[in-house]
Amino acid sequence: MNEPVVLLVLPTLAQAGDRIALDIAGAVQDESGTALIASSGGALVAELPRSGARHIRIALDRRNPLGMMASASKLVRLIRSESVDIVHARGLHAAWPAYLAARRTSRPLVTTFDLGGPTVGAFDRFYASALARGDRVIAVSDFVARLAYEQHKVDDRRLRLVRRGIDTDSFDPARVTAPRMIRLARLWGLPDDLPVLMLPGRLMPHNGHALLIDALARIKDRAFHCLVVGAEGDHPGYSAELEAKARAAGLNGRFHIVPECRDMAAAYMLADVVLNAAPVPEAFSLVLAEAQAMGRPVVSTDRGSAREQVAGNEMAWLVPPEDPAALASAIGRALDLDPDLRARLAAETAQRARARYARTTMCAGTLAVYRELMERPSWRPAPALTEASIPS
């Protein structure tokens with residue numbers, strides 16, 4: 001790529017999804033380029049040295065217009081001092097400062113479009129439009145590619161589909177050893193004689209924990225142990241509310257919340273069924289990608305990217321959102337799956353998911369977008385958004 005300098009702009013480096021920026025930065029470095037990451041910081045900054053990228057702390061997680069203008073000015077100085085060739089905005093709050101800085105410095109802008117659903121209201125739609133203003137707009141799923149076109153008129157001249165990727169070296173059933181699984185099972189006090197239902201994800205209402213409890217109450221006469229794995233969110237007391245709701249539903253001792261796990265590959269291997277109960281659309285579900293790569297049966301609400309992510313998987317069940325009866329029924333069918341059939345389908349599911357969601361594929365697709373812009377003989381900002389045919 002002619003040794004470009006790429007600046008990735010994010011609100012924070014704190015969430016699991018932010019790790020994707022580290023992967024892309026590492027791929028840029030591997031191609032003899034230079035990767036810079038600007039963000040408000042977070043726990044993942046400590047992992048940057050492994051990618052070879054450098055972090056610059058700029059407050060990029062605020063919605064305040066004056067704050068965003070100040071952040072844009074800092075980005076302008078950074079772009080000029082580091083001779084940045086491409087600006088790549090990931091995350092809604094960082095998109096406007098990145099857009100403003102790229103235009104003020106005449107640098108090409110790449111945006112990652114990863115909204116979970118259409119925005120309502122003129123102001124929110126305008127605010128979200130920053131993600132649609134890139135000279136190339138990366139959609140993380142077919143679902144959001146359609147959304148980018150339908151709501152923001154991003155046409156196929158600028159829109160590129162690059163699905164999110166996972167570390168298929170880590171999420172490989174063959175690499176998970178028995179001692180790793182035993183350690184987690186003991187740490188969490190899992191019973192030996194009950195199938196495990198697992199819902200990974202932060203403890204936030206939008207991840208559907210309450211819906212899951214309502215569904216489990218309908219099949220509480222069945223044998224199972226439900227494990228919720230995730231870090232505390234921004235709702236103090238939420239885990240206590242869930243535990244109280246589970247007790248009221250008669251799930252005493254069978255609904256268990258544990259903190260964020262650093263060995264999710266081993267965690268998935270302990271699960272008989274992995275659940276995604278989010279009642280709101282998701283741009284892309286890392287849980288569905290990871291669970292399928294580990295060969296696990298999955299039950300998910302039919303929102304956002306879920307349908308395309310489980311296409312062709314005979315061990316996947318989709319249910320209408322906000323329907324605890326349908327969710328309970330699907331969980332029951334997953335638990336009743338014939339063991340021999342499950343073993344055969346697990347290998348097929350894992351192979352398909354690992355081929356489709358490999359991190360290397362995501363990085364290669366992103367670098368290809370960068371090359372498109374670097375190889376233009378004379379780069380100029382893209383024209384204003386225009387309506388055109390929806391991309392296939």
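Just so you know, these numbers use all the heavy atoms, side chains as well, and skip hydrogens, waters and symmetry mates. Quick caveat: nothing in here was measured; it's all calculated off a predicted structure.
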Sub-4.5 Å side-chain heavy-atom contact between [X] and [Y]:
{"X": "Val299", "Y": "Val273", "value": "yes"}
{"X": "Tyr149", "Y": "Asp156", "value": "no"}
{"X": "Met68", "Y": "His93", "value": "no"}
{"X": "Trp188", "Y": "Leu270", "value": "yes"}
{"X": "Arg107", "Y": "Ile86", "value": "no"}

Considering all heavy atoms of both residues, which atom of [X] and which atom of [Y] are nearest to each other, and what is their separation?
{"X": "Arg175", "Y": "Arg180", "result": "O-NH1, 3.1 Å"}
{"X": "Ala94", "Y": "Ala89", "result": "O-CB, 4.5 Å"}
{"X": "Leu10", "Y": "Ala21", "result": "CD2-CB, 3.6 Å"}
{"X": "Ala130", "Y": "Thr111", "result": "O-CG2, 3.8 Å"}
{"X": "Arg57", "Y": "Gly41", "result": "NH1-CA, 3.3 Å"}

Between [X] and [Y] (salt bridge meaning N to carboxylate O under 4.0 Å), is one present in this structure?
{"X": "Glu290", "Y": "Arg296", "answer": "no"}
{"X": "Glu308", "Y": "Arg356", "answer": "no"}
{"X": "Glu348", "Y": "Arg344", "answer": "yes"}
{"X": "Asp135", "Y": "Arg103", "answer": "yes"}

Looking only at atom types and distance, does a side-chain atom of [X] sit under 3.5 Å from a main-chain N or O of [Y], one as donor and one as acceptor?
{"X": "Gln29", "Y": "Ala35", "value": "yes"}
{"X": "Arg303", "Y": "Pro279", "value": "yes"}
{"X": "Gln151", "Y": "Leu147", "value": "no"}
{"X": "Ser106", "Y": "Ala102", "value": "no"}
{"X": "Asp214", "Y": "Pro324", "value": "no"}
{"X": "Asn207", "Y": "Arg202", "value": "yes"}
{"X": "Ser141", "Y": "Ser305", "value": "no"}
{"X": "Arg158", "Y": "Gly134", "value": "yes"}
{"X": "Gln292", "Y": "Gln309", "value": "yes"}
{"X": "Arg352", "Y": "Gly312", "value": "yes"}

Separation between [atom1] of [X] and [atom2] of [Y], rounded to the nearest 0.5 Å:
{"X": "Asp169", "Y": "Arg359", "atom1": "CG", "atom2": "CZ", "result": "7.0 Å"}
{"X": "Leu60", "Y": "Lys74", "atom1": "CG", "atom2": "NZ", "result": "9.0 Å"}
{"X": "Asp114", "Y": "Ile20", "atom1": "CG", "atom2": "CD1", "result": "8.5 Å"}
{"X": "Leu251", "Y": "Ile219", "atom1": "CG", "atom2": "CD1", "result": "9.0 Å"}
{"X": "Leu194", "Y": "Asp272", "atom1": "CG", "atom2": "CG", "result": "9.5 Å"}
{"X": "Ser81", "Y": "Leu36", "atom1": "OG", "atom2": "CG", "result": "8.5 Å"}

Distance under 6.0 Å and angle within 45° of ring axis: Arg164 vs Tyr357: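 No, Arg164 does not sit over the ring of Tyr357.
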Between the side chains of [X] and [Y], is a donor N or O closer than 3.5 angstrom to an acceptor N or O?
{"X": "Glu282", "Y": "Asn276", "value": "yes"}
{"X": "Ser129", "Y": "Arg125", "value": "no"}
{"X": "Glu232", "Y": "Tyr238", "value": "no"}
{"X": "Thr12", "Y": "Asp18", "value": "yes"}
{"X": "Asn313", "Y": "Thr349", "value": "yes"}
{"X": "Arg333", "Y": "Ser329", "value": "yes"}
{"X": "Arg354", "Y": "Thr168", "value": "no"}

Among Thr112, Ile24, Thr361, side chain to side chain contact (heavy atoms under 4.5 Å, CB included) partner for Thr366: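 Among Thr112, Ile24, Thr361, the one meeting side chain to side chain contact (heavy atoms under 4.5 Å, CB included) with Thr366 is Ile24.
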Parallel, tilted or perpendicular: ring planes of Tyr99 versus Trp96, cut at 30 and 60 degrees: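 Ring orientation, 0 to 90° scale: perpendicular.
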Whether His88 and Tyr370 hold their rings parallel, tilted or perpendicular, with breakpoints at 30° and 60°: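 Rings of His88 and Tyr370: perpendicular, over 60°.
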